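Values reported hereafter were calculated over all heavy atoms of this structure, with side chains retained and with hydrogens, waters and symmetry mates removed. If you're wondering where the values come from, they're calculated on a predicted model, not measured in any experiment.
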Amino acid sequence: MSGAMGNIREWLSQVMCFLCLMTVVLHVIPDTKLKKYVRHFLGLLFLLTVLEPLGKLLGGEEFLMNFEAESLKGLYQEYEEGKQGLEAVLPDWDEEEYQRELEEKVQEIYDTYHIPQQEGHKNE
């Protein structure tokens, strides 16, 4: 029984944290037309947070995993199609040379604006 109580306690803490975050976001956003849409979106997210345990009981976790896998498969197919389209338009496309040129441009921006580079961003 303590496992069920722990799950309920965890769920309630998620709901309370989301309500606090939602309140902060709504107070930070100025009163514009955008606020109406943000409130609507946050309301939908709140419903998903509240209904999460019900979704788990009905097998929603498996549905989300399948949905994520299908989404990734679709994105990969779009990437491959875009890559083929690019190769058709630019038959001399060389990805390594493009990467090298991009790194040179980034280094030029760092040098021009005297931006200190972090360890992982330095060209070697």
Side-chain angles (χ1 to χ4, degrees):
M1 186 84 160
S2 67
M5 289 299 289
N7 289 340
I8 291 172
R9 188 173 294 135
E10 181 183 339
W11 172 73
L12 283 175
S13 69
Q14 286 178 350
V15 169
M16 294 307 294
C17 287
F18 186 83
L19 280 174
C20 291
L21 178 68
M22 187 173 156
T23 303
V24 168
V25 168
L26 289 175
H27 282 304
V28 169
I29 296 176
D31 289 330
T32 61
K33 292 182 180 182
L34 176 67
K35 189 170 188 170
K36 176 175 69 171
Y37 297 108
V38 171
R39 182 181 294 129
H40 178 74
F41 179 71
L42 288 175
L44 290 175
L45 287 177
F46 178 70
L47 281 175
L48 289 174
T49 303
V50 169
L51 296 176
E52 180 186 13
L54 182 62
K56 284 183 180 179
L57 287 174
L58 298 175
E61 198 167 310
E62 183 179 325
F63 169 77
L64 288 175
M65 287 177 21
N66 290 336
F67 180 75
E68 182 179 337
E70 289 298 318
S71 296
L72 289 175
K73 191 184 305 182
L75 286 173
Y76 182 74
Q77 287 174 345
E78 288 179 20
Y79 166 76
E80 286 298 321
E81 291 170 4
K83 187 176 174 183
Q84 290 172 357
L86 186 61
E87 289 171 349
V89 173
L90 303 170
D92 297 333
W93 169 256
D94 183 10
E95 190 170 348
E96 289 178 7
E97 184 169 331
Y98 174 76
Q99 182 70 28
R100 186 182 51 74
E101 288 177 9
L102 185 61
E103 288 173 359
E104 287 174 2
K105 294 282 185 190
V106 169
Q107 184 62 43
E108 187 178 308
I109 291 170
Y110 276 121
D111 294 343
T112 302
Y113 296 103
H114 307 291
I115 300 172
Q117 295 183 35
Q118 295 179 356
E119 197 62 35
H121 293 232
K122 291 183 179 177
N123 288 336
E124 300 178 23

One should read off an interatomic distance between Leu12 CG and Met5 CE, to the nearest 0.5 angstrom, of 9.0 Å
CD of Glu104 to CD of Gln99, rounded to nearest 0.5 Å, is 11.0 Å
Output for pair (Tyr37 OH, Ile29 CD1), nearest 0.5 Å, gives 13.5 Å
In this structure, CG of Leu34 is separated from CZ of Arg39 (nearest 0.5 Å) by 11.0 Å
Quiz prompt | salt_bridge(Arg100, Glu96) N-O dist < 4.0 Å | solution = no
Grouping I, L, V, M, F, W and Y whenever their side-chain heavy atoms are under 4.5 Å apart, do Trp11 and Leu51 come out in a common cluster? no
Judged by atom type as modelled, is there a donor-acceptor pair below 3.5 Å linking the side chain of Lys35 to the main-chain atoms of Leu26? yes
Separation between CG (Leu44) and OG1 (Thr49), nearest 0.5 Å, reads 10.5 Å
Report yes or no: do Leu48 and Phe46 belong to one cluster of Ile/Leu/Val/Met/Phe/Trp/Tyr joined by side chain heavy-atom distances under 4.5 Å?
yes
Q) Would a 4.5 Å heavy-atom cut-off, applied to side chains only, mark Phe18 and Val50 as touching? A) no
Across all chains, not counting sequence neighbours, the side chain to side chain donor-acceptor pair (under 3.5 Å) partners of Arg9 are none
Here the gap from Leu21 atom CG to Met16 atom CE, rounded to the nearest 0.5 Å, amounts to 13.0 Å
